[in-house]
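Here the structure comes first, spelled out in structure tokens, and everything after it is commentary.
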Amino acid sequence: MLICSLMSYQLIVTIMQCKRINTIKHLRLILLLSLFFLFFSCHVTKADDDMEVNDGPYIFKNNQELEVNWLCQSAVVSLKVSVSKLPIYFDQCNLNMLIDRDTFLTDEVVYQGDYKVAAASDFHGQYDLMKTLLINNKIIDEKGDWAFGNGHFIITGDVFDRGDKVTEILWFLYELEKQAELAGGKLHLLLGNHEVMVLNGDLRYLHPKYVETSRLFEQSFEKLYGKNTVLGAWLRSKSVLVKVNDMLFAHGGFHPSLAIEKRTLADINQVFKTNLVKAELAQPREGWGKYLHKKYGPIWYRGYFKKDDGASDQEIDLLLKHFDISHLVVGHTSQKQVETRHQGKVIAIDSSIKNGEYGELLLIDGNKKWRGTLTGEKVVLD
Ligand code: CA
């Protein structure tokens, strides 16, 4: 209210100072416009004031103490607990979760075994749609618990941005990862460009709710995911790629140069991760580390979907041979459903969940592959 009043006052002063305005008629018009501006701006500000945010927890680690913060109806609720008290079940402002660990091992990049595999991508804050998709395809049960046994479920990035339930997805996956491990299965959360953008303070795609979260905590949003936070540390432990049996997964994809230069998966992952957050680097990104974070790197590449300057069939074959795989599985480039390109060698799994209306996942059992639809129908993948 104060800001909009000041702005209106400034507008009136500015116009009154204009020497050409010297008639009553103009003065009336100016006053009318000013009042309109005052009403409009105050109305907009009022709407912002009314935005009540429930969000969290954002957990900061300070040696052996955890500072746990929520927003409950836009009020900051905070408490401190010792790490030695973990696991702790929290239930605040309708946000409940079990926090059972604050340190994380770095994932492997190659897995081989006789188990089912499923993959989905680009949830973009669509928590409810994501859960419906996972329940109907039996990755989780009705309660939201892991139901995929010893299967491996891969999410090829972009949990962040666009939607308004990013925090819910992150804590859900944090819990699901543990459940999968206990069942002998595995949840792989890979980094997408939106994870890397947020960690680096590129906040262009934040939902307004998280702009408000940041304002209420008086912290830049990326600091809420700093390396001294539980989720920030968890995200920094994640890989940018994973090979499971004869399939290689990444958010965007692999440029043919990686095969030509005979780069290994371990090297790609390690160099990408070493250059993850610019503010945490001793020196600016350069050379190959910089290249991997640009448009031809694994989180941004769209070359499998471009006719002109994209990857040719021969280059796809080169990638498959070099990485010793049969399929490249990628998100990032949105489709209506799970689809294939390059005679089935590329599988596109960004099924536009970001729109909040529909989504699919990829299901694999041995040599068989299906689209898992939102209702749980299994359709053989062409
Ligand atoms: Ca993306």
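Hydrogens, waters and symmetry mates are skipped; everything else that's a heavy atom, side chains included, is used. Note that ligands are numbered from 1 as they come in the structure, with each ligand's atoms numbered from 1 the same way.
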(request) Measure from the side-chain N and O atoms of D145 to the backbone N and O of D141, and report whether any donor-acceptor pair falls under 3.5 Å. (result) no
(message) Can you confirm whether or not the ring centre of F123 sits under 6.0 Å from the ring centre of Y127?
(response) no
(message) Keeping H188 on the side-chain end and I155 on the backbone end, is there a donor-acceptor pair under 3.5 Å?
(response) no
In a table with atom names and distances, give each donor-acceptor pair under 3.5 Å that connects a side chain of residues 286-297 to protein atoms at least two apart or in another chain.
{"unit_1": "Y291", "atom_1": "OH", "unit_2": "S257", "atom_2": "OG", "d": "2.9"}
{"unit_1": "H293", "atom_1": "NE2", "unit_2": "F272", "atom_2": "O", "d": "2.9"}
{"unit_1": "H293", "atom_1": "NE2", "unit_2": "N275", "atom_2": "O", "d": "3.2"}

(message) Short of 3.0 Å from the Ca ion (ligand 1), name each protein N/O/S atom, waters not counted.
(response) D158 OD2, N193 OD1, H251 NE2, H332 ND1
(message) Using the ring-ring contact (aromatic ring centres under 6.0 Å, His included) criterion, which residues pair with F323? Sequence neighbours excluded.
(response) F254
(request) Under 4.5 Å between side-chain heavy atoms, chaining through other members, with only Ile, Leu, Val, Met, Phe, Trp and Tyr counted: pull out the rest of the cluster around L98, sorted by chain and number. (result) Y89
